[in-house]
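In what follows, chains carry the letters A, B, and so on, assigned in the order in which the sequence lines appear, proteins first and then strands, with residues in each chain numbered from 1. Only a predicted model underlies this, so the values are computations on that prediction, with no experimental measurement involved.
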Amino acid sequence: MKFQAPKGTHDILPGEVERWQWLEERTRGVMALYGYREVRSPIFESTDLFVRSVGESTDIVRKELYTFQDRKGRSLTLRPEGTAPLVRAFLENAPLREDSQARLYYMGPMFRYERPQAGRYRQFWQIGAELLGSARPEADAEMIDLFRAVLHDVGLEEVTVLLNSLGDATCRPAYREAIRAYFKQHEGKLCGDCKERLATNPLRILDCKVPSCAPVIAGAPSVLDSLCPECAEHFEAVKRALTGLGIRYEIAPRLVRGLDYYTRTVFEIHAAGLGAQSAVGGGGRYDQLVKDFGGPDTPAIGFSIGMERLLLSIGADAAPAAPQADVVVIALKPEAGIEAQALARTLRGQQEAPERRSPLRVLTDVAGRSANSQMKWASKMGAKWAVFVPKGEDGYAVRDMAAGKDEQRQPSIEELRSWLLKRREPVESAR
RNA sequence: GUGGAUGUAGCUCAAUGGUAGAGCACUGGACUGUGGCUCCAGUGGUUGCGGGUUCGAUCCCCGUCAUCCACCCCA
């Protein structure tokens, strides 16, 4: 074959796409319940937007961006995450700032140049929500509650919420130096990657999974012990709020996220069945980002969920093939093809006024197959009825496919249509 | 960027150093206007791609591309 989908991308086909549509509908429903409104931002942005927000030393910026130049030489990048674009949109569009607490969400593809594996793709989909304008712990709690609500709505209950605080501009630099000094002392016992991190991003060492690093990490000072009083109080208040909402969590002092803009609260939610990539999503507070972008002082918090991972964790059982048609019009003779097509068109009722419309999904063969084959096909399409043309002397023959019996003939098209509509079952949404 | 496994019909898989087979699917038929079961027949593959070894490779070697898994990191 000449062409194939680019590495790390994939097509979502009928049979699978129904699960996506279902997830999207459920998510929109939950977002609406919490009063969040959707923002659809561009899929590419100025490269600087990501470099300056996500951070120059992060892996995402250093080696995972899809960056290109347009015809005027501007450097653009396919978005690797959704928060920075949304903050940009927030600052660019005054209507988003009307409410002192803006509740926004997005849903769409993100792009990162990485080696694909289970639950990881170069184009992947995220659902994200952002709450801008509140520094209060209630905002943190609402975010995590909303995250859980989305998972709950699609049936994912068995999850672990990991919670940590990274401090703020007051206490983090000191902690960063403390940890650098500590690991410097034990540099000899660290793995090669961690030796590099010592220079680039010492906090990341805390997250290392190499067994030989474990003892050194275990002895490292904890972020939580070095929080300034304000950050410590905020963290305590967030924990109290979560408890108040009945949300269980685990404190994860070594949870460090891969984007530089986070301050104070960070969290991840993990689920089973995802292979090595067990996080269905994560997020955190970013109190400085809006200001860094030149906007007003606007504390904010957000999260993102990986849609592939979410679908993976709630089970890959393919949805039963949804019926594709209610009615199949069968041409008994090859010459009846056009008559079949015309009847199908009328039965669909698409020409009717919208308020009178109750369309039947109607298919008819265009491959010129035998009546026998058309019947087999009608079964496969899940049709409830087969209607035969040409019309007989006493009307249209109708067969109930499930019962396997022929119904009374319908003298005219109008009677045939109302007969079918009367017996039509409501279309069930794919699950 | 690193490591391991894999790559044969639409799908799931088999086979042998001598120019590939099954099941399912698909098409037609056995069924006197009409399906689901059963049966019969048929379509369909330059064995991922490119080189090399060999009289000859799908099976051996090298490269490459892709997929899967793991590392890194994250969704």
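Rounding to whole angstrom units, CD of residue A/E407 and P of B/G35 are separated by 17 Å. In this structure, A/M107 places its CE atom 18 Å from P of B/A75, rounding to the nearest Å. Distance CD (A/Q374) to C1' (B/G36): 16 Å, rounded to an integer number of Å. Residue A/I269 contributes atom CD1, which lies 13 Å from atom P of B/A75 at whole-angstrom precision. For the pair A/R122 CZ and B/U67 C1', the interatomic distance rounds to 13 Å; values are reported in whole Å. Between the CG atom of A/L65 and the P atom of B/A75 there is a distance of 14 Å, rounded to whole Å. Atom CD in A/Q4 sits roughly 16 Å away from atom P in B/U64 (whole-Å rounding). Atom P of nucleotide B/A75 and atom CG of A/L162 are separated by 13 Å, given to the nearest angstrom.
Across all strands shown, B/U12 forms a Watson-Crick or G-U wobble pair, both distances under 3.5 Å, with B/A22. Of all nucleotides present, none satisfies the Watson-Crick or G-U wobble test against B/G33 with each distance under 3.5 Å. Base pairing analysis places B/C60 opposite B/G52; the two distances defining the Watson-Crick or G-U wobble pair are each below 3.5 Å. Nucleotide B/U27 forms a pair with B/A41, judged by Watson-Crick or G-U wobble geometry with both contacts under 3.5 Å. In this structure, B/C72 forms no base pair with any nucleotide, since neither Watson-Crick nor G-U wobble geometry is met with both distances under 3.5 Å. Nucleotide B/G17 forms a pair with no other nucleotide shown, judged by Watson-Crick or G-U wobble geometry with both contacts under 3.5 Å. Base pairing of B/U6 is made with B/A66, judged by Watson-Crick or G-U wobble geometry with both donor-acceptor distances under 3.5 Å. Of the nucleotides present, none pairs with B/U47 by Watson-Crick or G-U wobble criteria with both distances under 3.5 Å.
Atom CD of A/E157 is separated from atom CZ of A/R148 by 6.5 Å, given to the nearest 0.5 angstrom.
Nucleotides of RNA chain B nearest to A/P116 and A/E268 differ in position, and the one nearer the 5' end is that of A/P116. When each of A/G119 and A/K7 is assigned the nucleotide of RNA chain B bearing its nearest heavy atom, the one mapping closer to the 5' terminus is A/K7.
Both tests pass for A/R122 against the ring of A/Y113: distance under 6.0 Å to the centre and angle within 45° of the axis.
Without hydrogens or angle criteria, A/D145 side chain to A/A141 main chain gives no donor-acceptor distance under 3.5 Å. Between the side chain of A/D168 and the backbone N or O of A/T263 there is no donor-acceptor pair closer than 3.5 Å. Of the possible polar contacts, one joining the A/R254 side chain to the A/L206 backbone as a donor-acceptor pair under 3.5 Å is found.
Between A/L224 and A/L227 the shortest side-chain heavy-atom distance falls below 4.5 Å. Between A/E308 and A/W20, the closest side-chain pair of non-hydrogen atoms falls below 4.5 Å. At least one side-chain heavy atom of A/K239 sits under 4.5 Å from a side-chain heavy atom of A/Y249.
Residue contacts for A/L310: at a heavy-atom cut-off of 4.0 Å it reaches no nucleic acid atom on any strand shown. Residue A/A279 is classed as a sugar-phosphate contact, given heavy-atom separations below 4.0 Å to backbone atoms only. Heavy atoms of A/A386 sit nowhere under 4.0 angstrom from any nucleic acid atom. Residue A/A271 is classed as having no contact, given no heavy-atom separation below 4.0 Å to the nucleic acid.
Going from the P atom of B/G28 to that of B/A14 covers 32 Å, rounded to whole Å. Comparing the same atom, P, in B/C60 and in B/G7 gives a spacing of 10 Å after rounding to whole Å. With both ends at atom C1', the span from B/A15 to B/C31 equals 39 Å, rounded to whole Å. Spacing of C1' atoms, B/G23 relative to B/A66, comes out at 27 Å, to the nearest Å. Here the separation of B/U12 from B/G48, taken at their P atoms, is 15 Å to the nearest Å. When the P atom is compared between B/U53 and B/C68, the two are found 35 Å apart, to the nearest whole Å. Here, B/G44 and B/C62 have their P atoms 36 Å apart, quoted to the whole Å. Of the P atoms belonging to B/C37 and B/U16, the separation is 35 Å, rounded to the nearest Å.
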Using a 3.5 Å cut-off and no angle test, enumerate the donor-acceptor pairs between side-chain atoms of residues 75-84 of chain A and protein atoms at least two apart in sequence or in another chain.
| unit_1 | atom_1 | unit_2 | atom_2 | d |
| --- | --- | --- | --- | --- |
| A/S75 | OG | A/T47 | OG1 | 2.7 |
| A/T77 | OG1 | A/T47 | OG1 | 2.7 |
| A/T77 | OG1 | A/T67 | OG1 | 2.8 |
| A/R79 | NE | A/P109 | O | 2.8 |
| A/R79 | NH2 | A/P109 | O | 3.1 |
| A/E81 | OE1 | A/T83 | N | 3.2 |
| A/E81 | OE1 | A/Y261 | OH | 2.5 |
| A/E81 | OE2 | A/A84 | N | 2.8 |
| A/T83 | OG1 | A/E130 | OE2 | 2.8 |
| A/T83 | OG1 | A/Y261 | OH | 3.4 |

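Of all nucleotides listed (B/A75, B/C65, B/C71), B/C71 comes nearest to the side chain of A/R115.
A donor and an acceptor atom sit less than 3.5 Å apart, one in the side chain of A/E114 and one in the base of B/A75. Taking only distance into account, the side chain of A/S379 meets the base of B/G35 through a donor-acceptor pair shorter than 3.5 Å.
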Per-nt protein contacts along nucleotides 24-34 of chain B (heavy atom under 4.0 Å; B base, S backbone sugar-phosphate only, - none) come out as --SSSS---BB
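For B/A70, the OP1/OP2 oxygens have a side-chain nitrogen or oxygen of A/Q117 closer than 4.0 Å. Considering only side-chain N and O atoms, A/R120 lies nowhere under 4.0 angstrom from the phosphate OP1 or OP2 of B/C72.
Proximity of the aromatic rings of A/Y286 and A/Y262 is defined here by a centroid distance below 6.0 angstrom, and this criterion is not met.
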